[in-house]
Structures are given as C-alpha cells and as structure tokens.
Amino acid sequence: MKKSIIEKRAIIKKTLIIVHSIITVTFLAIFYTLIFKLDRPLEASVSKKAKPSSHVILCGLAENERSLMRIYEGVREKALEENVVIDVYIPDSRSEFSEKEEFSIQKLLNFASYANADGILLWCPPSYTSSPASGGPLPSVAPSPSVPSPTFSATVPHVGSSISTVIEEPPAPPAFTSPSRLKPPVLVPAVNKFGDKIPVVTLGSFLGEVQKVSHVTSDFSGEGKKFARRILDLYKNDCYVMVLNYFNSGIPEFREMQKSLFEELEANGVRDLLNFSFPPDSAKIELTRKIVEARGKNKVVVIVSLSEVDTVQAAQTINQIPAANVNSYSLNSDIHLFGFGKSDSELYYLEQGIIEELFMVDYIQNGRIALETLLEYKNNGISSEKVLIPFFTMKNEGGK
C-alpha cells in the first residue's frame, strides 16, 4: 500500500515536470518569435537613420550671416525630414583670405569640391553683384546708416502757410549697374571625387555666371503687384501713394518691386503717385510737407517703404504730426504706413499702430524650398528653373 502511494506521487511529479516543461518551451518559442519579428524592422529603422541620404553644403557671405542663418533654419527643418546632413560654410574674407585676395563665388565652389558634397545651396543677398575680375562683391550705392533716434521735432505749417525752408529735390541715387552682367566671369563648376558636377541651387540674387539647376528667390515683382491690389481694395484709387526707396534704390530687386507697384496702380486709375527718395537729413521735413499737402485735399495717404531705415524714419515722422486740422481735415488721420523689415524699432511702431503692416523676405521658407528643389533634382533629374517665394507679413491687429 505504501509502495503504491509512492509510485502515484512519482507519476504526478513527472507529469507536473512534463507540463511545466511544455509550458516553458511554448512561452520561450512565442517570446523569441516576437523578438525576432520586432527586431528586424527596428534594425532597419536604425540603419536608415544612421546612414544619411545626402551631404549638402549651405554657403554664403560672412557679411550676411544673420540672413544666412535664418535660411539655415528652413534648410534644417527639411533636412531632418529627409535625413540629409547639412554643413554651413561662411568664409570671412577678412580673415580666411589674404588682403590681396578678394572673396569670390569660385572659392565657395572650390570648397564644396574639396568637401565632396552631394549638393550646394548658394546664398547671395539681393545687394550682391560680382565683379568681372574676381567675382567679389562691389559696394552698394547707399550704405545703410544706423537706425535714427526716435526723437524728432518738426514745425507743421498753419492753414494757408508753407514751409519756409526751401529744399530742392535731390536726384535719386544712380541705378547700380555692373559690367559683370555684360561679361560675367568664367567659373569652374564644383565637382565631386568622381569628376561629376555637383548640383547647385542659388538663393537671393541671380548669378548668371553660376551653373545651377534652379534659382530660389523672393517674388519682388509679384509682391509689388500684390501690394498695389491691397491698396486698391482698402482705399480704392482716390489716394495719395508715396513709395520710400532711398536706401535700397540701387538694388535691382527693389527697383523691380517699385516698378510693378506703380504700373499696377496706374493701370487702375491711381494718379497721385510719388517716388520719394530723399537723404536722411531732409527726408522727414519733405515727408511732412507731402503729408500736409495730401491731407489738405482730403486724400488718404498711403506710404510704402522699401527699406528698414526709410520705414523707421517715416514712422517717426507720422508719430510727430500733431492732431491739427488743415482745410477742416484732420492732419494725422488716414495715414497708412507699410514697411519693409523686422527691426526692433519697426516692431515697436507696429505695436503702437503707426505701422500698419510689415513685409519681409521669408528666409526660412526660402531655405526649406531650396533644399526641397535640390533633392527633387537629385532624385528625379529635373527641377523648376526658378522658384518664387512670397514675402512674410506681420499686421497690426489693433490699429491706431
């Protein structure tokens, strides 16, 4: 009897061991199967991220580093999406090159060849124009001074009087032309270690001497027409429009914007148009005189400024005009200022309601679209010859 009990216990023990073993083996089989299936795509994902698809160099002038870094923000956003490595190359012509050696586009192309890049994004600001000999930048016509102090005192004439100081209207700064546009320098294209040309996408100023797959820039002409339509929608054609363009008048892109703005307004019946281009020492007095004249005729005054300095000067002038009456019309009402840029002073006047709207180059979007265009060419062998990017705008929501 005792022996049979022991045998039963031994059988039960063996049965439990067998069941436990089966359960253990089944569990381990399921566990390892799951790990094996999950591990494959995980490894693929890691390996994909570990191996960049392209190496692209973003380069430009040290003098415009601030704009270039804004472009880099847009380039970086797209690069993270496409797993692209971006290197930024900003040579300082004052330190990296000898005094006898001028900066040139060729040096940027040479660097890209040395780095064996897969693509190049080349930024040249609108004020850049290359010289035939070296490809180096020529000085702009009118250097931008520091932003003036917000203090300003002006005497507004009484009804029927005129400003006693006679100021002759100076000629606008001469149009900036470069002989390089007639005979551009011969540039050696950037090539990789296999001798293949590295595709280039340019941003900003158009450089005919650079072999490129596409050019990405702001739509200055289109924005001029857009501004004209906005003025017509808001104030119809019975308004007095002044375009302030002293400091950027030597830059072709801004001249193009002003031209398209005037043409669109004239085509829609606006007759009171003024190209206002005065140096800083007389600009505020002359602007005050023009505003007084227009308001005396009950004209809505619309001022479009095409530079940061011109915008700040106009805002200071408007801010100092008293709430007087001329021919029963309020002097400081119905004055609408649209300005270019995003300086601290401009943002201040925008918040105060003196500036109605600011417009500026959308550097981030330019950078993003430039890399997108370059990758499109690399992947498909084609790209748009020219891509136009709208301006970025900031509006005063409260108003004066």
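On a predicted model such as this, the values are computed, not experimentally measured, just so you know.
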Fill in: Donor-acceptor contact below 3.5 Å, side chain Asn396 vs main chain Leu350
yes
Fill in: Lys212 charged N/C atom sitting above Tyr377 aromatic ring, 6.0 Å / 45°
no
Item to complete: Examine distances only and state if a side-chain atom of Glu346 and a backbone atom of Lys342 form a donor-acceptor pair shorter than 3.5 Å.
Response: yes
Worksheet item: So, the side chain of Asn319 versus the backbone of Ala315: is there a donor-acceptor pair under 3.5 Å, distance only?
Response: no
Fill in: Non-hydrogen side-chain atoms of Leu347 and Met394 separated by less than 4.5 Å
yes
Worksheet item: Would Glu293 and Arg289 count as a salt bridge (Lys or Arg N to Asp or Glu O under 4.0 Å) if you check the C-alpha gap in whole Å, the side-chain angles of each, and the deciding distance to 0.1 Å?
Response: CA-CA 6 Å; Glu293 288 178 3; Arg289 181 169 68 85; 3.1 Å; yes
Worksheet item: Is a side-chain donor or acceptor of Ser383 paired with a backbone partner of Val213 at a separation under 3.5 angstrom?
Response: yes
Worksheet entry | Main-chain N/O of Ile382 paired to Asn380 side chain as donor or acceptor, under 3.5 Å | no
Fill in: Test log, rule salt bridge (Lys or Arg N to Asp or Glu O under 4.0 Å), inputs Lys225 and Glu264
CA-CA 6 Å; Lys225 290 181 180 179; Glu264 189 72 16; 5.5 Å; no
Worksheet entry | Side-chain donor or acceptor of Asp310 paired with backbone N/O of Tyr246 under 3.5 Å | yes
Discussion item. With a 3.5 Å distance limit and no angle check, can you tell me whether Thr393 reaches the backbone of Leu358 through a side-chain donor-acceptor pair?
Written reply: no
Worksheet item: Are the side chain of Glu253 and the backbone N or O of Phe220 linked by a donor-acceptor pair below 3.5 Å?
Response: no
Worksheet entry | More than 12 heavy atoms from other groups under 6.0 Å of CZ on Arg230 | yes
Practice prompt. Given salt bridge (Lys or Arg N to Asp or Glu O under 4.0 Å), test Glu73 with Arg76 step by step and report yes or no.
Written response: CA-CA 5 Å; Glu73 290 183 40; Arg76 184 174 179 273; over 6 Å; no
Worksheet item: Taking side chain as C-beta onward, heavy atoms only, is Lys290 less than 4.5 Å from Thr288?
Response: no
Worksheet, complete the sentence: Scanning both residues in full, the closest heavy-atom pair of Asn248 with Leu306 reads ND2-O, 2.8 Å
Discussion item. Closer than 3.5 angstrom, by distance alone: can the side chain of Ser384 be matched with the main-chain N or O of Lys386 as a donor-acceptor pair?
Written reply: no
Discussion item. Here's a test for you: under side-chain contact (heavy atoms from CB on, under 4.5 Å), which of Leu388, Val200, Thr202, Val201 qualifies with His215?
Written reply: Thr202
Worksheet item: Can you name the one residue among Leu68, Leu371, Thr373 that meets side-chain contact (heavy atoms from CB on, under 4.5 Å) with Leu121?
Response: Leu371
Worksheet entry | The single option from Asp87, Asp118, Asn116 passing side-chain hydrogen bond (donor to acceptor under 3.5 Å, both in side chains) against His55 | Asp87
Discussion item. I'd like to know if the side chain of Ser221 and the backbone of Glu256 have a donor-acceptor N/O pair within less than 3.5 Å.
Written reply: no
